[in-house]
Every structure is written in structure tokens, then in C-alpha cells.
There are 2 protein chains.
Amino acid sequence: MSNGQTGIPATIRDVAKEVGCSIATVSSVLNGRGRISDATKEKVREACKKLGYFPNAAGRNLRNRTTENIGILFYPSCARIFSNIFYSEMMAGLEEELTKANYNLLLAGYDISTNSSDLPKFIREGSVDGVIMLGGCPDEFKQQLADVPLPFLLLDTNLEGMPVDSIITDGFQAELMAVDYLVKQGHRRIVMFRHRHENYNEEERGKGFLAGAKRHGLENEADVIRVATNDEAVEKIKELMKDETPVTAITAVNDDMAVDIMHRLQLDGINVPDDISIIGFDDIKLARDAIPPLTTIAIDKKRIGKEGAETILSRIKDPGQPTRKIMIPTSLVVRESVKSL
Amino acid sequence: MSNGQTGIPATIRDVAKEVGCSIATVSSVLNGRGRISDATKEKVREACKKLGYFPNAAGRNLRNRTTENIGILFYPSCARIFSNIFYSEMMAGLEEELTKANYNLLLAGYDISTNSSDLPKFIREGSVDGVIMLGGCPDEFKQQLADVPLPFLLLDTNLEGMPVDSIITDGFQAELMAVDYLVKQGHRRIVMFRHRHENYNEEERGKGFLAGAKRHGLENEADVIRVATNDEAVEKIKELMKDETPVTAITAVNDDMAVDIMHRLQLDGINVPDDISIIGFDDIKLARDAIPPLTTIAIDKKRIGKEGAETILSRIKDPGQPTRKIMIPTSLVVRESVKSL
DNA sequence: ATTGACAGATAAAACGTTTCACCCTATGTT
DNA sequence: AACATAGGGTGAAACGTTTTATCTGTCAAT
């Protein structure tokens, strides 16, 4: 390749011929095995450079029964995940660590790749050494999971009670912390808004909020958690602000929701934080750039990716090890969307 | 796999043994080659199902000298691309078509995967049948390009004058169209804002704007295109609005910039579109959701992906064919950020 | 002189496919 | 009866690696 050889790439045999040794010798040098003289080593390396030789993946895969590929399975689809900025840093963490460990990333959307209830192609055909699932784990897949003959990891979600490795964030603690903070700022009536969407993170965050509310004796204010669309949330907030004991602060299940609600309220002449305080979750760019900047729960998304990479690599090395559930801590980022009463 | 076999996957030999035929027969059935009786075909298919057999990719790759993988090379990095919502639909288009054609997607960031000026691993080791580059093509890579012994495609950017397949959008026509529209709405002083960033799309859009300005005799208003950060742009706009012939409309090189500028202006009490009109470019979600909704140039991003998939597959089939430069048309989406004077 | 140890290198098998060339049998044609 | 043809199927080679077992010298110790 590197110096205008013919289009067809050099093989280990070409290198051996160039050096005048056996292919076993070349392989030994390249893999640092066996006893080869320094002189020969040097000659082999030079020949490789000259011929632009790199070991062919298919050959190595076949012989080693290993692919040096990790499959990333997006649920529900690549597009849905890509467009969610939240995942970009997680992917960055994954990419960084996996590349460092000399693995390729293979991508597939769960829905598009698994028509006819087959597993995705790269699992079926043994093209990967392990699979990381992002974006949630659909029920249909839970059954199939037993059939996946590969190291498997759930990123940013969890299958409670099931022996599956997961990297998760501590949404429970985080919301607890958020409520504590709001109470400390003098808020007495606080409501959380979340989406209809059922998923591990939403559930955990909800539980955390509830626990926080209880801890501070706020739970008798019924309906402390509201399931709503953003539109509905805005309407509800306006209502609740007119109650005898008006709502003074809300928590949203993520920054997307928080910022959107905030903007809509502002357009209706409601000031944040003067009229109402808001806390988000995730600490995505949107939260930093919002006006006013959003107080929110920060997650180290890149770290989720890195821990994920480490976990799957470790399981590939030692498939028998006990299941890991790694909990990534969160932190409260105080900006300007919460007012002290 | 599918019915609790041992962890080690069945091979073609296992299937042959189960059926009582040769592996050649099994292969023939699975690939629809050779003359095999219907009875035998049926038996083979059943055995495959029973044993959960799928042809192993490494074996097939080795024999066929084909990988059924397409490499996606992101510049500068996966993360930078992921977080840009603009690319999500392009990826969706790619994924849809490539998956349909039975290809896997392999991912790498250019910067992270090509340390030490090597090509990315998946190119070096022959793990892909073709490469699609997204996000631009850095100068360093232009040299290396000659060494890539593979079908190669640039998505959403172009190397002018070089024989490289590209799918591009017609930024020139689009900005021309934008200027036409603004003039028709009565605007006489229009300025375009773009970033310092050098890239094909920015250049094309700039040229288009300039051509539009000239066509309407607006070019004598010097400095019709401004290179600026968003902050600088906002300041400049405020100045230009105070000129003897004040600016009444601006065009931004993309929606991100347009919406950000719009929001900043609004915070300074400047009304869009009453005080100034704005047109963006790309038609991302942000543009639809902005308040007021942004008038912008729409690109069919998914189509870019689909055409890209088609193009690379076609080149894989017939590497000798002439270079393609496919231009995707754009359209003006009229919303509410432009006022008719 | 014999043995042992060791450095340096290699032949050959194996990984799981696909396909080419061939074989065998049955059927039809002259 | 001799021959062609077609249907059904198979053996073996090849794809590019890695690794195990083995081989050949050389040198030091006995």
C-alpha cells in the first residue's frame, strides 16, 4: 500500500519471501512470540514496512476465534440515539477506550437489524467478541438474551435482578439530592415531572424524588410526581402555581424536558427562577446554554462509556466472573434556575 | 444457540453430519448454487434451524475476500459527529440501506483511530469493503487517500477536482434562493454570517450568497459576508441595524448559528422578525422548535445517507466506473422568522 | 567423546467457508 | 449397444493467519 504496490495487499507469505524465512518466523516476530534473533526481527519489520503489510483480519479471526470487534446495539435505532446528544459523550468514552484496546466498533440499530426476530447479523455470524446495548433493553430482547453466546453489557440502563453487566447512574441519590437542595433553599411545595416513557432511569429518578419528598415530610402534598408531556406539564404548572400553597419549584426528569418547559413558561410571561425554580437532569450542553443556565444533575457521561469499555473487555477476558452492576455517581450543578426563598 | 446448544456455535460440518451429506452440499443450499434436490434442501434448512447454524463471518470473509462491512470514518471524531444532530438522519439513511444490503457498519473517529499517521485499523487490516467519510476530509488524509485500496466515498463534503465519489448538497443554489426570497420580501440590505471554519459547505453557501447579492445589485454594499463567532455576529448585527441603510435581514450558514443569534438578539430586546429577519440552513429540529419557527433551507439528510449507501455499494460492485458527484437539491422552508417589508 | 541445553527457525495443522472439477447414476437418443 | 445429457452430489483446495511440535546446529559441561 504505502509505496504504490499493486492493489492487492501483501500477505504474510510475501513478507516471508522478501525476508527469506518461513511465515512462522514472520508471525512470531509480529506477535512477539518464539525465539527469533534480533537481526531477523529487524529484517522482518523492514519487509513489512516495505510491502505495506498488515495482518489480514479475516485470517487472524478465523485462526484465533476472536474478532477484535465490539458490537454496539442501539435501541431502538441508531438515528434515535445519535440525535440524542446525551449519548454522544458516552460513545466518545467507549470509542476512546475500545480503540485504545485495539477493538473496532460495529454498529446496529436493534429494530432495523433484527427483523424476523433474528439476532442482529453481527451477533449471528460471530463478527463481534462482545455486545454493548445502549438506549434501553426491550422486552423482546430479554428473552433472546439467553441465546446471545457472547459477553453482553447494558449501558445506562439495568435489568434488575438479572445477571447482566450494567453501567448505571445513581438517579435515586441524585433526585434525593435535588430535593434536599430545593428544601434547603426554602422551597416547600415541589413537583417532579416525568414522561410516560417506562424506563429504568425514569423509574429510579422518580423513586429518588419520592424518597426525598418523604424525608422532608412533603409527601402528603399528593401527586408529587406528575407524568406528562411537556405541553401538559406547562399547563399543570400554571395551575399549581395558583394553588393555596403554590408550587415554587419543579424538577424535570431530564434537561430536555426542563429547558423546554422553562422556555414555554417564559413565553407565557412566567419568570425563571423568580416565579418558579427548575432543576433538570443530565447536564447536557442545552442546560449550560439555556437562559438562565439550568441548575441540574450532572452525569459523567464519558465515564459511563469508559467503564463500559473496561467492563466488557474484562468480561471477554474472563467470562466466568461475577456480574457487575457499576453505579456512576452524580453531582448537583448549581446554576441560575433555582431561587432561594 | 436457539435451543440451548452448548456455547460453541455449530459449524457447517455439524450441519452436514446432521443431514448426512457433505459440507459442499450444505454450502450449495445456503448459497443457492449447484444442483440440489428439493428434499435435500429441506433437510439442510431444518438442520440449520435445529442447530442454530449461521455461516461464520470470518470463514466466509477469508474465502470470499469480502467482509460485508462498510467503514464509517468520522472527522474529526465520533463524538463531534454524534453530538451534531445534523448527522443523525444521514446515519439513519446509511444504516437503513446498508443493513438492507446485508452490510454491517464499522465506526471510527479519524483522529483517534489514526495516531502515528497510520490508516484506521479497519482499513489497514482489510476489515471493510468500503469506506465512507463524514464530517469533512482533513488535508492529512488527502495524501493517504491514494493508499486506501478500497472504494471510498465522501458524504456531505467534496474534494473539488479530485476523482473521489461525493454526495453533496447544493449550497450554492440554496443561498441564491434565499437571497431571491429575501429580496422578493422587500429586503434591500442583507448580510450573511458564517464561521471561521473552512469547509466545503461553508464555501459553497458563501459563494451562493454572493452570487445572489450580485444578481440583485446588492454587492456594492461592501462586506456582504461576515465571518464571525455567534457573539461577534450579534454585536455586528446591532451595529449594522443602526446604519443609514440598516440591515433588515441576515442569513446564517446553518441553523445552529441562526437560532443562537436569534435568541441572543431577542434577549437584547430585538424582535425577530419584526426588527430583523433571519434565514438559517439545514432545517434541523432546532429550527422547527425555535420561537419564532425559523425560515431555513431544508436538506433531505436521510436521502444523503441513502444515496451514499447506494453509491458505495455500486462502486464495490464495479470499482472501475467513473467518479460520481451527486448533488442533492435543497428547498426553502418558509416559517416565521422573515418579515415581508 | 558424549550428553544436555538452548537458540533459532520451520513444517504442518487448524480455524470455517466456498467453489471448481469431478464422479456416479439414471434417463433419453441414436 | 453405444453414447450423450442431465441431475444430484462430493473431495479437495484455497483463503491468511497462529501455534505446536519438531528439527538443526552450537556450545558448555561432563
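Lettering follows sequence order; numbering is per chain, from 1.
As judged by a 4.0 angstrom heavy-atom cut-off over every strand, B:Ala24 is placed among the base-contacting residues. At the heavy-atom level, A:Thr11 lies under 4.0 Å from the strands shown only through sugar-phosphate atoms. Among the atoms of the strands shown, base atoms are found under 4.0 Å from some heavy atom of A:Arg13. Residue A:Asn61 is classed as having no contact, given no heavy-atom separation below 4.0 Å to the nucleic acid. Contacts of B:Ser37 with the nucleic acid, taken as non-hydrogen atoms under 4.0 Å apart, involve only primed sugar atoms and P, OP1 or OP2.
Summarising the geometry, the separation between CD1 on A:Ile12 and C1' on C:dA11 is reported as 14 Å, rounded to the nearest angstrom. In this structure, A:Glu42 places its CD atom 15 Å from P of C:dG8, rounding to the nearest Å. Between the CG atom of B:Asn31 and the P atom of C:dT18 there is a distance of 5 Å, rounded to whole Å. A straight line from CD1 of A:Ile23 to P of C:dA12 spans 11 Å, rounded to a whole angstrom. Rounded to an integer number of Å, the gap from B:Arg33 CZ to C:dT17 P is 16 Å. Atom CG in A:Leu62 sits roughly 17 Å away from atom P in C:dA13 (whole-Å rounding).
Contact check on A:Lys100 versus A:Glu97 returns a salt bridge, with a Lys/Arg side-chain nitrogen under 4.0 Å from an Asp/Glu carboxylate oxygen. A salt bridge is absent between A:Lys306 and A:Glu310; no separation between the charged side-chain nitrogens and carboxylate oxygens falls under 4.0 Å.
Listed by chain and number, the residues in a side chain to side chain donor-acceptor pair (under 3.5 Å) with B:Arg315 are B:Asp165 (sequence neighbours excluded). In terms of the side chain to side chain donor-acceptor pair (under 3.5 Å) criterion, residue partners of A:Lys142 (sequence neighbours excluded) are, by chain and number, A:Asp139. Listed by chain and residue number, nothing satisfies the salt bridge (charged side-chain N to carboxylate O under 4.0 Å, His left out) test with B:Lys17 (two or more places apart in sequence, or in another chain). Listed by chain and residue number, A:Lys301 satisfy the side chain to side chain contact (heavy atoms under 4.5 Å, CB included) test with A:Glu89 (two or more places apart in sequence, or in another chain). Remark: A:Gln321 pairs with A:Ser314, A:Arg324 by the side chain to side chain donor-acceptor pair (under 3.5 Å) rule, at least two apart or across chains. Residues passing the side chain to side chain donor-acceptor pair (under 3.5 Å) test with B:Lys325 are B:Asn158, sequence neighbours excluded.
For the pair A:Thr40 and C:dA9, the criterion of a side-chain N or O lying under 4.0 Å from OP1 or OP2 is met.
Sorted by first and then second residue, the ring-ring contact (aromatic ring centres under 6.0 Å, His included) pairs with a member in residues 146-167 of chain B read B:Phe141-B:Phe152; sequence neighbours excluded. Here salt bridge (charged side-chain N to carboxylate O under 4.0 Å, His left out) pairs that include residues 18-28 of chain A, with residues two or more places apart or in two chains, are A:Glu18-A:Lys50.
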Per-pair distances, 0.1 Å, donor-acceptor, side chain in residues 21-31 of chain B, under 3.5 Å, sequence neighbours excluded:
unit_1  : atom_1 : unit_2  : atom_2 : d
B:Ser22 : OG     : B:Ala24 : N      : 3.3
B:Ser22 : OG     : B:Thr25 : N      : 3.2
B:Ser22 : OG     : B:Thr25 : OG1    : 3.1
B:Ser27 : OG     : B:Asn31 : ND2    : 3.2
B:Ser28 : OG     : B:Ala24 : O      : 2.9
B:Asn31 : ND2    : B:Ser27 : O      : 2.9

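Along DNA chain D, the nucleotide nearest B:Ser28 and the nucleotide nearest A:Thr25 are compared for position; the residue whose nucleotide lies closer to the 5' end is B:Ser28. Between B:Pro55 and A:Cys21, the residue whose closest nucleotide on DNA chain C is further toward the 5' end is A:Cys21.
Proximity of a side-chain donor or acceptor of B:Asn56 to a complementary backbone N or O of B:Ala58 within less than 3.5 Å is detected.
For the helix from C:dA1-D:dT30 to C:dT30-D:dA1, the rotation axes defined at the first and last 5 base pairs enclose an angle of 70°, given to the nearest 10°.
Taking the 5' to 3' direction, DNA chain D first and last meets chain A under 4.0 angstrom from a heavy atom at D:dG16 to D:dT19.
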Would you list the protein and nucleotides 21-23 of chain C atom pairs, both N or O, that sit under 3.5 Å from each other?
none

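Residue-to-nucleotide contacts include no donor-acceptor pair under 3.5 Å from the side chain of B:Arg60 to the base of C:dT17.
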